[in-house]
Amino acid sequence: MSSTQDNRFQAIIAHAKEYGFVFPSSEIYDGLSAVYDYGPYGSELKKNIRDYWWKSMTQLRENIVGIDAAIFMHPTTWKASGHVDNFNDPMIDNKDSKKRYRVDHLIEGFADKLKAEGNDKEANDLLAEMESLLEKEDYASLKKLIDDHKIVCSISETCNWTDIRQFNLMFSTQIGSVAGEAETIYLRPETAQGIFVNFLNVQKTSRMKIPFGIAQTGKAFRNEIVARQFIFRMREFEQMEMQFFIRPGTQKEWYEYWKEERMKWHLSLGISQEKYQFHNHTKLAHYADAALDIEYEFPIGFKEVEGIHSRTDYDLTQHQKYSNKKLTYFDTEINQHYIPYVIETSIGLDRMFLLILSHSYNEETITKEDGTKDSRIVLNIPEKLAPVKLAVLPLIKKDGLPEIARILINECKPHFKCFYEEKDTIGKRYRRQDAIGTPYCVTIDHQTKENNTVTIRYRDTMKQERISISEINNKLKASVIL
RNA sequence: GCGGAAGUAGCUCAUCUGGCAGAGCAUCAGUUUCCCAAACUGAAGGCAGCGGGUUCAAGUCCCGUCUUCCGCUCCA
């Protein structure tokens, strides 16, 4: 990371706080690590991004419907999904090198070495014992196993290890008000399972035929070992997911379809294509037969914003197995029962928010009419997503100009977010609107009283034009509404 | 979790080898202002991250602690 990029990232974080987009959580108590709150403009922007996604996925597509599943789910859900077994990794640290290892990776690495030396039997015995101890969560014996085999850290070459500790991906809490009778449940680490467990409810009640999709936005929670980089990686975050149910055997073509569709969505916001790239996963998760990320070039480098996963029939099969409920679909076209395959599109709302900020934040040097230089900080937010669409500014706060401004505001505010201000000079007010990304400013002056025209000023170009006050509402409705 | 750096007004920073905590910008009120961070007047804003120690005296020196940033470890 270059220092220029680093400075730009710091500047964006500072700007986000300064102008009410994102605050550190519980800041008066020194904050809570990797948790953030969205302020007045931030919550508007976030909502607009969510709405833009929701509309493009559900309203504009007849074969996708939405749901809003609870964050709490039956604990067996996470057994079935694999989260309990696959993401509770025991970890161990080497005290000399300070390196941290996953215990299974460490032992497997040692077993590989034994095999390379021809000690296949010893290696297999070791792996078998490890599996059995992992199953029993017997960390003391696992530690002993590492000590007995004199497994060393590849950096420090020592076996000076800490005790084994467990890393829990999922947050847990208790359901039930009576102490002692409470049952441990988890805060969902992904929203997808709420879709899978409701698959038949949704399919039947909305009479959907395959292929069809179920969309959902909502909070998810993950314990991260390192949670940093502002809102890029948070413990509490919001996902926008869509699971698309398809006939087995057609997953390749639908995977390609959604890869293209999702990229089109990103580009529809007017963000340049060069900032995006696909990244194919070579190492696949336990549920996927193909996976890729849509990455964006953040100030901290190319990072994942969205994932497209071909999840096979893994999830529904698992839920069928654990629930003993049939989760098959009857395909009338081919007269067959089957468990559908699934293509998942999963985008992080908070990451998309950071993407928009990264794209929008610009420090410009401008040349004024008299030739002198000036600078401004402007958020070139795609206007459909901007927190405030229109600022109405009486040039001075008397002579009836505020009253005219109020009439215009009252006409516009049922349709889109408006902002009124009569304080300070017009230049200062323009700059304040630039800083929060308001695409249009309308100024009421004395000429307005004579011929009902106003000045409309454009954020990106700073150009102004004179138009009839009666055109404002329709002009903006045509361009700022999602 | 480990290593390094940093915490003073909303923001950016001063306060020299320990001696009454300051400036610019921003905020608020008023006057003035007809198009790109204007001027004037006034106001508000702080337990110097927090806790302890040394000292006549600590923002400043020492110890602890918390938080943030940078680099590692993990990442479906």
Side-chain angles (χ1 to χ4, degrees), chain A residues 1 3 6-7 9-11 13-15 17-20 23-24 26-34 81-83 86-87 89 91-102 105 153 155 162 165 167 169-170 189-190 192 220 222-230 232-233 239 281 283-288 291 293 300 303-304 307 309 311 314 344 346 364 366-370 372 374-378 393-399 401 422-435 441-449 454-459 461-466:
Chain A
M1 192 193 306
S3 69
D6 192 35
N7 290 342
F9 196 53
Q10 296 313 321
I13 294 168
H15 189 86
K17 187 183 165 209
E18 183 81 21
Y19 287 91
F23 307 125
S26 323
E27 197 187 9
I28 61 169
Y29 295 108
D30 288 331
L32 184 62
S33 183
S81 70
H83 284 84
N86 289 305
F87 300 112
D89 303 320
M91 321 282 285
I92 192 165
D93 294 349
N94 185 276
K95 289 178 187 167
D96 299 313
S97 66
K98 310 293 186 193
K99 287 281 176 187
R100 169 171 294 172
Y101 296 86
R102 267 175 61 171
H105 288 177
C153 165
I155 308 292
T162 62
R165 285 168 297 186
F167 167 67
L169 171 96
M170 291 189 288
E190 62 173 18
R222 292 177 193 177
N223 257 318
E224 303 279 358
I225 295 174
V226 169
R228 237 179 280 181
Q229 293 171 320
F230 194 41
F232 187 81
R233 178 163 291 143
Q239 295 183 308
H281 287 208
K283 191 182 132 215
L284 295 170
H286 61 275
Y287 52 70
D293 296 335
I300 48 176
K303 299 275 184 186
E304 176 189 356
H309 293 231
R311 291 184 80 131
Y314 178 83
E344 166 187 274
S346 174
E364 289 181 355
I366 50 187
T367 308
K368 294 199 284 194
E369 279 175 17
D370 64 4
T372 59
D374 199 359
S375 67
R376 68 164 182 164
I377 291 175
V378 57
L393 317 168
L395 197 55
I396 59 171
K397 55 185 163 195
K398 58 183 184 184
D399 299 338
L401 303 188
E422 60 184 29
K423 207 181 121 47
D424 290 320
T425 54
I426 194 68
K428 197 173 266 191
R429 285 180 271 169
Y430 284 155
R431 296 302 172 83
R432 274 202 282 261
Q433 294 307 310
D434 288 342
C441 292
V442 161
T443 303
I444 315 290
D445 57 21
H446 284 106
Q447 203 184 330
T448 310
K449 293 203 289 187
V454 294
T455 305
I456 183 163
R457 182 260 194 189
Y458 302 99
R459 176 194 67 198
T461 60
M462 298 174 70
K463 292 264 162 52
Q464 313 188 80
E465 67 180 315
R466 196 86 206 172

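In the text below, chain A, chain B and the rest are named by the order of the sequence lines, each starting its count at 1.
To the nearest 0.5 Å, atom OG1 of residue A:Thr455 and atom CG of residue A:Leu393 are 10.5 Å apart. Distance check, rounded to the nearest 0.5 Å: OG1 of A:Thr443 to CZ of A:Arg466 gives 9.0 Å. Going from atom CZ of A:Arg222 over to atom CZ of A:Arg233 covers 9.5 Å, rounded to the nearest 0.5 Å.
Side-chain contact between A:Leu395 and A:Gln447: absent, with no pair of heavy atoms (C-beta onward) separated by less than 4.5 Å. Within the 4.5 Å cutoff, the side chain of A:Arg457 has heavy atoms near those of the A:Asp434 side chain. The shortest distance between side-chain heavy atoms of A:Pro24 and A:Lys17 falls below 4.5 Å. Between A:Met462 and A:Val378 the shortest side-chain heavy-atom distance does not fall below 4.5 Å. When side chains are defined from C-beta on, A:Ser346 does not count as touching A:His309, because their heavy atoms never get closer than 4.5 Å.
Comparing the C1' positions of B:C75 and B:A37 gives a spacing of 44 Å, expressed to the nearest Å. Straight-line distance between the P atoms of B:C40 and B:A57: roughly 44 Å, to the nearest whole Å. For the C1' atoms, the distance from B:A6 to B:G45 is 24 Å, rounded to whole Å.
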Tabulate protein N/O versus nucleotide N/O from nucleotides 5-13 of chain B, keeping only pairs under 3.5 Å, one per line.
from  : atom 1 : to      : atom 2 : distance (Å)
B:C11 : O4'    : A:Glu18 : OE1    : 3.4

Can you name the atoms? Protein N/O to nucleotides 42-46 of chain B N/O, anything below 3.5 Å, with the distance.
none

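The phosphate of B:C36 has neither OP1 nor OP2 within less than 4.0 Å of any side-chain N or O from A:Lys428. Under 4.0 angstrom from either OP1 or OP2 of B:C70 there lies at least one side-chain N or O belonging to A:Gln10.
Contacts of A:Gln464 with the nucleic acid, taken as non-hydrogen atoms under 4.0 Å apart, include base atoms. Nucleic acid contact class of A:Lys449 (heavy atoms, under 4.0 Å, all strands): none. Within 4.0 Å of A:Arg429, counting heavy atoms only, lies no atom of the nucleic acid at all.
The pair A:Asp399-A:Lys449 fails the salt-bridge criterion, with no side-chain N (NZ, NE, NH1 or NH2) lying under 4.0 Å from an Asp/Glu carboxylate O.
In this model, a side-chain donor or acceptor of A:Arg233 finds a partner on the base of B:C75 within 3.5 Å. Under 3.5 Å, the side chain of A:Arg222 and the base of B:C75 form no donor-acceptor pair of N or O atoms.
Of the two residues near RNA chain B, A:Thr443 and A:Arg432, the one whose nearest nucleotide lies more 5' is A:Arg432. Between A:Pro189 and A:Lys423, it is A:Lys423 whose nearest contact on RNA chain B lies nearer the 5' terminus.
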